[in-house]
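Proteins come first, then strands; the chains are lettered A, B, ... in the order of their sequence lines, and each starts at number 1.
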Protein chains: 2
Amino acid sequence: MARNVEFDEELAISRAMDLFWKKGYTGTSMRDLCEVMGVNASSIYNTIGDKHQLFIRCIKYYTESRMEAARKQLKLIDSPFKAIEKFINASAHAITNEPDSCLAIKTTFELAVSDEQVQKILKKDNDFTYSLILDLVTKALEQKEITISQDKEMLTDFIINHFTGWHESFIIHKDEKRIKKMAKFLIEQLSR
Amino acid sequence: MARNVEFDEELAISRAMDLFWKKGYTGTSMRDLCEVMGVNASSIYNTIGDKHQLFIRCIKYYTESRMEAARKQLKLIDSPFKAIEKFINASAHAITNEPDSCLAIKTTFELAVSDEQVQKILKKDNDFTYSLILDLVTKALEQKEITISQDKEMLTDFIINHFTGWHESFIIHKDEKRIKKMAKFLIEQLSR
DNA sequence: CTAATTCTGTAACGTTCGTTATAGAATTAT
DNA sequence: ATAATTCTATAACGAACGTTACAGAATTAG
């Protein structure tokens with residue numbers, strides 16, 4: 001019959017993701033994508049589909065990788081409050097040390113308003129982080145490690161909500177200290 | 001000599017701004033801009049300049065209008081804490097009731113990372129809001145209306161920082177209640 | 001080997017992009 | 001009115017866009 005060798009799809013998707021991350025969806029051309037993926041346009045259209053489908057694959061890859069990493073990062077920590085603390089500090093560190101801002105947030109503001117498919121993928125990613133933190137907040141409340149409020153759903157939202165602003169602040173002011181101070185204050189507040 | 005009539009530049013800029021707001025910088029074409037501005041491309045290039053210069057005019061118009069509005073909104077309020085409370089509630093209301101998310105934030109994530117001119121304009125806008133709230137926080141601390149912390153600079157950052165996340169949350173979840181709860185909690189925290 | 005099938009590279013499709021040359025309409029001073 | 005000047009409308013520029021047709025290289029089954 002016939003051949004079935006293919007290019008390394010995961011690697012190609014990962015490289016496409018990096019380019020979309022840097023230049024945004026609209027700002028990225030198929031020609032540039034072909035170049036970084038090391039694959040011809042024909043192959044992309046035959047296997048993955050058009051530019052939009054390729055992008056969908058890329059944010060799915062991004063969010064799924066993040067979810068996997070978050071799961072790993074937190075499951076080994078015994079104290080729920082320490083886990084929350086670590087999550088907040090890890091976020092602050094990532095925000096002030098990675099060259100590009102979060103792809104999910106960039107995509108939220110570029111596409112999610114007008115693209116329902118993208119919005120749903122990002123909502124799934126948000127809901128995952130939400131349930132992860134909600135679980136920790138619930139346990140921390142039970143163990144009286146958190147005392148600031150008993151409304152665990154609101155507290156979860158409240159904690160996660162800070163990160164987006166930190167991204168914006170760092171893009172505009174490029175001042176790591178400002179982010180670190182807010183992170184420290186947030187953690188102090190939870191347990192006061 | 002010669003004529004000097006011109007198209008209504010402010011109106012044209014305002015309409016161009018609306019289109020950039022909806023579609024982003026890269027997503028907006030000069031042809032669409034000409035149409036909504038009611039002006040030919042030649043006229044734009046002769047008076048304002050190229051697409052990038054036009055966009056600069058639009059975000060300047062956006063940020064300056066916002067600064068003017070914020071000044072007006074807050075100067076009539078006697079209690080500094082009430083002014084902060086009003087600012088937070090007005091932000092939460094705007095975020096959950098305007099069709100498109102904040103142009104400044106969208107632009108931060110689309111352009112400010114790679115476009116220094118844009119970054120500086122947005123920094124100016126941020127610094128203005130910062131000094132406005134810092135002034136209120138300072139007075140509220142003096143009058144002991146705020147007790148949560150004495151670090152007025154950090155507190156100012158901390159307050160403003162919430163709004164960006166609220167925008168993201170509303171795009172993803174479209175749930176006004178979640179934003180309102182966070183706003184209520186934030187206000188309660190400041191004065192507890 | 002040959003035949004069948006699926007991959008990839010080239011090259012081009014028709015559109016749309018940002019931008020501009022140009023000609024003529026509009027306006028003002030004399 | 002005439003001349004001078006500045007506007008706008010048309011139309012097109014070359015380049016880049018997303019996408020695809022097609023030929024031939026590569027692979028596998030018989």
Side-chain angles (χ1 to χ4, degrees), chain A residues 1-61 106-107 110-111 114-118, chain B residues 1-61 106-107 110-111 114-118:
Chain A
M1 285 291 204
R3 66 187 285 194
N4 62 340
V5 296
E6 272 185 33
F7 57 90
D8 185 339
E9 209 169 290
E10 187 172 322
L11 182 65
I13 291 290
S14 147
R15 287 181 174 158
M17 181 195 74
D18 286 336
L19 195 62
F20 278 130
W21 197 342
K22 214 179 293 171
K23 309 182 101 182
Y25 176 72
T26 317
T28 304
S29 74
M30 281 301 288
R31 277 169 182 77
D32 289 343
L33 286 165
C34 290
E35 199 176 321
V36 298
M37 294 168 82
V39 175
N40 265 277
S42 315
S43 304
I44 298 175
Y45 280 90
N46 283 334
T47 54
I48 297 166
D50 63 12
K51 188 189 178 185
H52 190 265
Q53 289 172 284
L54 172 57
F55 183 76
I56 294 292
R57 288 284 302 274
C58 289
I59 32 163
K60 278 188 177 168
Y61 183 80
K106 288 177 90 170
T107 304
E110 186 188 358
L111 291 183
S114 57
D115 187 323
E116 203 182 333
Q117 194 181 357
V118 166
Chain B
M1 285 294 200
R3 63 186 289 193
N4 61 342
V5 295
E6 273 185 30
F7 58 90
D8 185 339
E9 210 168 290
E10 188 172 323
L11 182 64
I13 291 290
S14 144
R15 286 182 175 158
M17 180 195 76
D18 285 337
L19 196 60
F20 278 129
W21 197 343
K22 216 179 293 173
K23 309 182 103 183
Y25 176 71
T26 317
T28 304
S29 75
M30 282 300 289
R31 278 168 182 80
D32 289 342
L33 286 164
C34 290
E35 198 177 322
V36 299
M37 293 168 82
V39 175
N40 264 278
S42 315
S43 303
I44 298 175
Y45 280 90
N46 284 333
T47 55
I48 296 167
D50 64 13
K51 188 190 177 185
H52 191 263
Q53 289 173 284
L54 172 58
F55 182 75
I56 294 294
R57 288 283 303 274
C58 289
I59 33 166
K60 278 188 177 168
Y61 183 81
K106 289 176 90 169
T107 304
E110 186 187 357
L111 292 185
S114 57
D115 187 324
E116 203 183 333
Q117 192 180 358
V118 166

- Task: Find out whether the Lys NZ or Arg CZ of B:K51 is both under 6.0 angstrom from the six-membered ring centre of B:Y25 and within 45° of the ring's axis.
- Result: yes
B:E35 atom CD is separated from D:dT8 atom P, nearest whole Å, by 17 Å
Rounded to whole Å, NZ of A:K51 lies from C1' of D:dA16 at a distance of 12 Å
_Are there over 12 heavy-atom neighbours, none belonging to B:Q53, within less than 6.0 Å of that residue's CD?_
yes
On a heavy-atom basis, the closest approach of B:E110 and B:T26 is OE2-OG1, 2.8 Å
Nearest heavy-atom contact between A:I13 and A:R57 is CD1-CB, 3.7 Å
Separation of D:dC22 atom P from A:N40 atom CG, nearest Å, is 18 Å
note: A:I44, atom CD1; C:dT6, atom C1'; distance rounded to Å ~ 17 Å
A:M30 atom CE is separated from C:dG9 atom P, nearest whole Å, by 14 Å
By nearest-nucleotide position on DNA chain C, the 5'-leaning member of B:R31 and A:R31 is A:R31
Nearest heavy-atom contact between B:G24 and B:T28 is O-OG1, 2.6 Å
A:L33 CG to D:dG18 P, in whole Å, measures 8 Å
Separation of D:dC17 atom P from A:D50 atom CG, nearest Å, is 16 Å
Phosphate contact (C:dT19 OP1 or OP2) by B:Y45 side-chain N/O below 4.0 Å: yes
Out of D:dT19, C:dT8, D:dT8, minimum distance to the side chain of A:S43 belongs to C:dT8
Report task. Determine the contact category for A:T26: base if any of its heavy atoms lies under 4.0 Å from a base atom, sugar-phosphate if only primed atoms, P, OP1 or OP2 are that close, otherwise nothing. Result -> nothing
B:Y25 atom OH is separated from C:dC17 atom P, nearest whole Å, by 14 Å
**Message:** Looking at A:S42 and D:dT19, is any side-chain donor or acceptor paired with a base atom of the opposite kind under 3.5 Å?
**Reply:** no
Of A:G27 and A:N46, the one whose closest nucleotide on DNA chain D sits nearer the 5' end is A:G27
